[in-house]
Every structure is written in structure tokens, then in C-alpha cells.
> 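The structure under discussion is supplied below as C-alpha cells; questions concerning it will follow.
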Amino acid sequence: MKRTHTCNALTAADVGSDVRLIGWIDSLRDHGGIQFIDLRDREGLTQVIVDPTNAAYSGQIDRLRPESVVEIHGRVCARAEADINSKLPTGGIEVHAENLVIHNISETPPFPLEDEKAWKVNEDLRLQYRYLDLRRPAMYRTLRMRSEAAKATRDYLAENGFLEIETPYLFKSTPEGAREFLVPSRLNPGKFYALAQSPQQYKQMLMVAGVERYYQMARCFRDEDLRADRQPEFTQIDIEMSFIDREDMYALVEGLLARMWKDVLGVEIPRPFPRMAYHDAMNRYGVDKPDTRFDLEIVDLGELFAQSDFKVFRGVLDSGGVVKAFNAKGLADATQGEMRDLENAAKSLGAKGLAFIRVSAEGEWKSPILKFFSEAEVAALKERLAIEPGDLVFFAAAEWERACSILGRIRLDAARLLQQRGRLSIPTDRYNFLWVIDFPLMIFEEAEGRYVAAHHPFTAPVEEDADLLESNPKAVRGQHYDCVLNGSEIAGGSIRIHQPALQRKVFEEVLKIPADVVEERFGYMLRSFKYGAPPHGGIAFGFDRIVSILAGRPMIRDVIAFPKTQKGQDLMADGPTAVTARQLRDVHMQSLPIDA
RNA sequence: GGGGUAGUAGCUCAGUUGGUUAGAGCGCCUGCCUGUCACGCAGGAGGCCGCGGGUUCAAGUCCCGUCUAUCCCGCCA
């Protein structure tokens, strides 16, 4: 080994020993007659004393630059009392260099590598030089947390009898779900693989195969537009179990998350997790992944305005819609710009406008719609929404789901504004895990004029609802469950259908997929179910999202070693690229002009 | 596909109603310095103001287009 110790290892106990250290020059302080080098490796920093008169290396030290890699041979010395640096674990000692080997002189880095400065650097530059970005302690820390989270996962699942099994990334195209990355087949001219968007079908086949307990840290590929929390390739903790029901899955998952939080953060999380029905989540928080760390809950005003003279509200109610509101407590001083942003956000979700009541510090109500309310309605609003001076109340009147979504979005935006004003605190070290359950199995897709699976077509209906499959599909609840943490969906799964007849019925009669298409896409699956498919169910965790929450980073790019940009580019290696005509010919493809 | 934000020195940014030679901090280079740890001091170099077009006597600044990054909507069974 080139080193005897890491740069975080030496303490007063090592004084007098001869050591070899190797690492990067974190900083270089030249005082003329004496020079200080902070030598850095992934573990920490050690101060090295360089004597410019030392003939063993005096000819070389002028070449030293920050980020160069050097090997130091020297003796550990105690620092004088006044020179001790209490900010460093190694601050009580320093290494006096007796010899120095320069392994690599570094050019000046294109951006500062100090954590506090680097976070402000343009991300495209950091991505282009990702190997330098990752050298920063904060980035190394997230990589390490990710590794620890993966290890906790493997430890826990292995202890619970799970087998880690790899499934193919090269799968066949199943255009039912997300857009896929296509891979041309050289050996099968004109045919294509698709990169797996998830191991869903394989893991169910493993259950038919009698594996009983499967998991995998699976890479998944989806060719959809990206977001701060979405990458074209991402990692799932993919789990499937046989002979279980929903309660077994909740217990397993709660145990796994508790283990991760314990092993990575040293935090005990309370169990069992609370549960909330999808309808309650939408009604109270306006989303299916509520952040329950703060209130600002939505209130239904249907009864209040059922007989109202205010035509806008009354009309929506009469046509089957809802009227809802929530009190953004203490936000009456929202600026015009902020109100405009909120209204635009509401409009982007299909609102016609964003009605509000602003209550001044003196208690005066100001609102464009106030004149339409009766005195009784005003009094009732005040009571239902606990309206006080300084409050700002938002309304939505629309069909149920739209009204919920609009206020759900405004609720989150309002919370952010309240946070900026210091009137609402949403602790980042609070972990509100939550099960969202009782999702509808199917939703009616207006554009296609048919029902589509809300989750995926393999989800089993809740048993007592199964009779409604044909008569009233939208009333059927699925045995689907989402695990939500602080407003992020971190896992989702379901108990699956394991009887071939029911699965075929869902495909053909409910989802209206033609029989020949069902046979082509899912024929093998239906066939397998005829040979004794066990009852089974599973779940998949968004591993990148979990790690980003553990690490306290707002975007998953920060917890992926080599992420892609919003346009799917790898700025470091510079992909994707064009390929040669020869490569295309090999896979029986031809490149056409873009506008052809 | 749509909407927003940003792009000025290696990095982070300032640049007023369009007006002389485009600035600051950090970094970089040179020199000095034996106790610093974001060392200090003195001096210096460094600019296609993203790119293309337009308006104007005059554009970093105004207009149009375009590229890149980013945030959001659609999309993500």
C-alpha cells in the first residue's frame, strides 16, 4: 500500500510514528520559510509541514498546485497548544514531510471545489466535470449514503428470506405504459427490444416459478420528459412476494424503511405508518401524495353553497362539481406578483381563475367575490375555515378531481411562501411516512374513450368490489398502495391478479384491449397463470428519491453519480451521439433527415 | 408539444433612462513572508457580454430568431 493511514486517521496517539499519506492537495499555504499542505482523501484532511530547505524534495515543491496528487513520507508531530485546529479531527497533529512524491500535478480546476461555493456553480459545468464535482466531500457523502441505504436494503431483505435475482434489461416492447427506449436487434432484422421500464412482468413470472420472495436493485428505463425527480434511467428497489396480503406488505415495507433510516441516519421512525384513503388524501390535501408535515387542509363547502345565490358556485354544484377552499393562514400580505404566480399555477391545472378572500390585519375582508356572499355565508365561512385577521383564503369550484388538484397545488405554493416569511416551519428532519390506499382500480380516459388502469393492469381489485368490474368500473377499488414520505411518492405496489380468467377479463372487457393484442403482449403471462400461479403482490421503491430525502438534497441528480440533463444528455461523456453508417447497417437501420 | 427563469473574465455576480476605455469578489500568474489552516502583503494577466439577425449616429442594455441549462404543465400503465 502506498499509505499507512488515511487523512482522517492520525491523532495525538500517533505522535512520533513514521507514516505515509497520499491524497489530493486541498490547500497550499506558502509562508516562505515554511509551507503548509492540507492533504485530502475521502476520509478527511491532514496538515503536512513542508520545509523548503529540505534537500530531499526542495526542488519539486514549486510545482505543487491544489488538487495535485502527492505522497508524503513523514513523522507525526504534536502541534503547539496555540496551533491546534479544533475544527479538524486531525487538528491536534501535523505530519512533517521527510520526503514527497508527486504523482500528478493538477491543472487549475474549472470551478471551485469547496462545497459552499460549488453548490452555486452552474450545474452543466459540474456535470461536464462530474469527476471533480464528486471529489467534493458533500458529494462523496451522498454517494456513501446511497451505498449504505442499498446495503441496509440487502441486509434486511436477505434476513427476511428474499433472493436477489437479476432480470433482463432487454425486454420486448409493451407500449401500454411509459414510452420505451428501443434497441434494434441485429440478429432479428426489423425487430426491436425495449429497455425494461420496470421488471414487473418478470417478477410475477418468478412468483409463478415458485421463488416466493424476490428483490432486485433494478435499473429502469423510461423515455419520458424529465423533472427534478425524474431521470431516463433510475433505480428501483423491486420486491415481489407470494402467499401474502396487503397487511404483510405494509409490515415488510415499514420494517425495511425503519432499517434504512436506522442504518443510514441513526433515526428511529415510528411504526406502523398511518393510512389514508385516496379520496381523503384528495379531499384534505388535494394530492395523492400529501405532505402531512403541515396543515392548511382543504375544506369542502358544497353544503354551504348548495342553495347560494352566488351563481358561479351554485352552477358548479348543480352540475355535479364541488366547491372547496383552504385557509393559507397568515398570508394576507402576499404580493401582487405572488398572487399572479398562484393564479397562473391554478390556471395551468385548468382553473378559470383563483378566487380568494384577503383578511387585513384589522380584520377587514377584501375579495372580488365577497359581494356575492350572504351574511350567513360569510359567517359560516369564517367558522368553517377559522378565518382570522391576516389570513388569505383560496377557493376552487370545478369537478371534484380538478378542484382538489388546484387547491393541492396552491396549498404547496402557499406553504412555500409562508416558509419564506418565517410563519410556517416544515422541518426537514421530520419524516411523515404514510400509506395511501383504496385507489380506484381504473380511471376513465376521456381522450381514448375507455378505462385505463390507474396503476397497471395486473393490480387485483379489492375483493368485495370485484362484482362491480363490469357494472361500475370506476367504483372498483384496487388492492394498490403507495408509500408517501413528506409529499413524495417513494414506493407503490399492489396485490396482483393471479387467476387467468380475471386477468383476461380485465384486459379484454374492462380495458377493452383486443384479444389478439392481449395474446401478443400478455399471452405468455396468461398461459403461466394456468399452471398454478400463487397469490402474490409486490412493491417498487424509487431508490433515487429515497436517497435524495435521506441526503437532504432536493433533486435526484445530486444522488446519482452520473446523471443526465433534462434533454437526456451525458455532458461528461457527451452522449448521445450519431453513429456510423456501418453501425446502422449492422442493425438494419437507416438515418433519415429529421424533417422527413 | 407548451409556459417561466437564466446565459457578461476560469467561477459567482454587478453593469442605471441605449452613450467615453465593461467592473467587483474569488481563482490564476509573479514576487515577498517560519505557524498558517478561506494565511497575509504587493504587483499582474485575463472578455466573441451564448450564437445569428434587426432597430439606432451609437446595443452587454431594445426587438426577432436560435442554442444550452434549469423549473413547471402535458407525459411518467
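Residue numbers start from 1 in every chain, and the chains themselves are labelled A, B, ... in the order their sequence lines are given, proteins ahead of strands.
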> Can you give one letter per nucleotide of nucleotides 69-77 of chain B, going 5' to 3': B for a protein heavy atom under 4.0 Å from the base, S for sugar-phosphate only, - for none?
SBBSBBBBB
> Confirm from the modelled atom types if A/R79 and B/rC37 form a donor-acceptor pair under 3.5 Å, side chain to base only.
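Indeed, a donor on one side and an acceptor on the other fall under 3.5 Å apart.
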> Under 4.0 Å from any atom of RNA chain B, heavy atoms only: list the residues of residues 41-59 of chain A that qualify, in numerical order.
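A/Q47, in order of number.
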> Any ion pair linking A/R29 and A/D38 (charged N to carboxylate O, less than 4.0 Å)?
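Salt bridge flag = yes for A/R29 with A/D38.
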> Using whole Å, report how far CD of A/E116 lies from C1' of B/rG25.
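Between C1' of B/rG25 and CD of A/E116: 14 Å.
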> Determine the Euclidean distance between corresponding P atoms of B/rC39 and B/rG3; express it in Å to zero decimal places.
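Per the computed distance, 48 Å lies between those P atoms.
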> Going by 5.5 Å between centroids and 30° between planes, is there a stack of A/H31 over B/rC39?
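Yes, A/H31 stacks on the base of B/rC39.
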> Only counting residues at least two apart or in another chain, list the ones meeting salt bridge (Lys or Arg N to Asp or Glu O under 4.0 Å) with A/E180.
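Salt bridge (Lys or Arg N to Asp or Glu O under 4.0 Å) list for A/E180, sorted by chain: empty.
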> Using a strict cut-off of less than 4.0 Å between a Lys/Arg side-chain nitrogen and an Asp/Glu carboxylate oxygen, indicate whether A/E123 and A/R557 qualify as a salt bridge.
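Judged by the 4.0 Å cut-off on N to carboxylate O distance, A/E123 and A/R557 do form a salt bridge.
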> Are the ring of A/F111 and the base ring of B/rC11 both nearer than 5.5 Å at their centres and tilted by less than 30°?
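It does not: the ring fails the test against the base of B/rC11.
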> When rounded to the nearest Å, what value does the distance between P atoms of B/rU56 and B/rA9 take?
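To the nearest whole Å, 30 Å.
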> B/rG10 C1' sits how many Å from A/K120 NZ, rounded?
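For the pair A/K120 NZ and B/rG10 C1', the rounded distance is 16 Å.
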> Residues of residues 508-529 of chain A with any non-hydrogen atom less than 4.0 angstrom from an atom of RNA chain B: list those, numerically ordered, please.
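Within residues 508-529 of chain A, no residue comes under 4.0 Å of RNA chain B.
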> For B/rG40 and B/rG35, measure between their P atoms and round to the nearest Å.
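The same atom, P, in both gives a distance of 14 Å.
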> For the side chain of A/N85 and the base of B/rC37, is some donor closer than 3.5 Å to an acceptor across the two?
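Result: at least one qualifying N/O pair found.
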> Classify the ring geometry between A/Y131 and A/Y129 as parallel (under 30°), tilted (30 to 60°) or perpendicular (over 60°).
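Perpendicular, since the angle between the ring planes exceeds 60°.
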> For A/Q128 and B/rU68, what is the distance between atoms CD and P respectively, to the nearest whole Å?
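Answer to the nearest Å: 15 Å.
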> For B/rG31, which nucleotide in any strand shown is its Watson-Crick or wobble partner with both distances under 3.5 Å?
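Because both required distances fall under 3.5 Å, B/rG31 counts as paired with B/rC41.
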> For A/L296 and A/F394, run side chain to side chain contact (heavy atoms under 4.5 Å, CB included): C-alpha distance rounded to whole Å, both residues' side-chain angles, the deciding distance at 0.1 Å, then the answer.
CA-CA 11 Å; A/L296 307 183; A/F394 292 102; over 6 Å; no
> Using atom P of each nucleotide, how far apart are B/rC11 and B/rG47 to the nearest Å?
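About 13 Å, rounded to a whole number of Å.
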> Would you say A/Y193 has more than 12 foreign heavy atoms packed within less than 6.0 Å of its OH?
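At most 12 heavy atoms, drawn from other residues, nucleotides or ligands, come within 6.0 Å of this atom.
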> Which nucleotide, in any strand shown, forms a Watson-Crick or G-U wobble pair with B/rA24, with both distances under 3.5 Å?
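Check on B/rA24: paired to B/rU12, both distances under 3.5 Å.
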> Looking at A/E519 and A/R527, is any side-chain nitrogen of the basic one under 4.0 Å from a carboxylate oxygen of the acidic one?
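A/E519 and A/R527: salt-bridged.
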> Could you give all pairs that pass the salt bridge (Lys or Arg N to Asp or Glu O under 4.0 Å) test and reach residues 475-496 of chain A, with sequence neighbours left out?
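Sorted result for residues 475-496 of chain A: A/E240-A/R496, A/D438-A/R477, A/E464-A/R477, A/D465-A/R477.
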> Using Watson-Crick or G-U wobble geometry with both distances below 3.5 Å, tell me the partner of B/rU56, or none.
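By the stated definition (distances under 3.5 Å), nothing pairs with B/rU56.
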> If you measure from the C1' atom in B/rC49 to the same atom in B/rU61, how many Å do you get, rounded?
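Here B/rC49 and B/rU61 have their C1' atoms 10 Å from each other.
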> Suppose we define a pair by two distances each less than 3.5 Å, Watson-Crick or G-U wobble; what does B/rA6 pair with here?
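B/rU68 - that is the nucleotide pairing with B/rA6, both distances being under 3.5 Å.
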> Remember a base hit wins even if backbone is also touched, and classify A/R340 as base, sugar-phosphate or nothing at under 4.0 Å, heavy atoms.
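Contact class for A/R340: none.
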> Nearest 0.5 Å please: distance from the CG atom of A/L170 over to the CZ atom of A/F221.
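A/L170 CG to A/F221 CZ: 9.0 Å, rounded to 0.5 Å.
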> Under 4.0 Å: is that the gap between some side-chain N or O of A/R29 and OP1 or OP2 of B/rC39?
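A/R29 to B/rC39 OP1/OP2: side-chain N or O found under 4.0 Å.
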> Rounded to whole angstrom, note down the C1' distance from B/rG15 over to B/rU8.
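One C1' to the other, the span is 9 Å.
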> Please evaluate the base of B/rG35 for a donor-acceptor partner in the side chain of A/E94 within a cut-off of under 3.5 Å?
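A donor-acceptor contact between them is present.
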> Which base sits across from B/rG18 as a Watson-Crick or G-U pair, both distances under 3.5 Å?
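Pair assignment: B/rG18 / none.
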> Strictly below 4.0 Å, N to O, side chains only: are A/R504 and A/E508 in salt-bridge contact?
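Here A/R504 pairs with A/E508 in a salt bridge, since their nearest N and O are under 4.0 Å apart.
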> Any salt bridge linking A/R40 with A/E67? Criterion: basic side-chain nitrogen under 4.0 Å from a carboxylate oxygen.
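Yes, this pair counts.
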> Begin from the C-alpha positions of A/D558 and A/R126 and carry the test salt bridge (charged side-chain N to carboxylate O under 4.0 Å, His left out) through to its verdict.
CA-CA 11 Å; A/D558 283 339; A/R126 290 173 47 210; 3.5 Å; yes
> Is there a side-chain polar atom (N or O) of A/K117 under 4.0 Å from OP1 or OP2 of B/rA38?
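False: A/K117 side-chain N/O out of range (4.0 Å or more) of B/rA38 OP1/OP2.
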> Enumerate donor-acceptor pairs with a distance under 3.5 Å from any side-chain N or O in residues 413-420 of chain A to protein atoms, sequence neighbours excluded.
residue: A/D413; atom: OD2; partner: A/R409; partner atom: NE; Å: 3.1

> Would you measure the distance from the P atom in B/rU30 across to the matching atom in B/rA59 and give it in whole Å?
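So the two P atoms sit 39 Å from each other.
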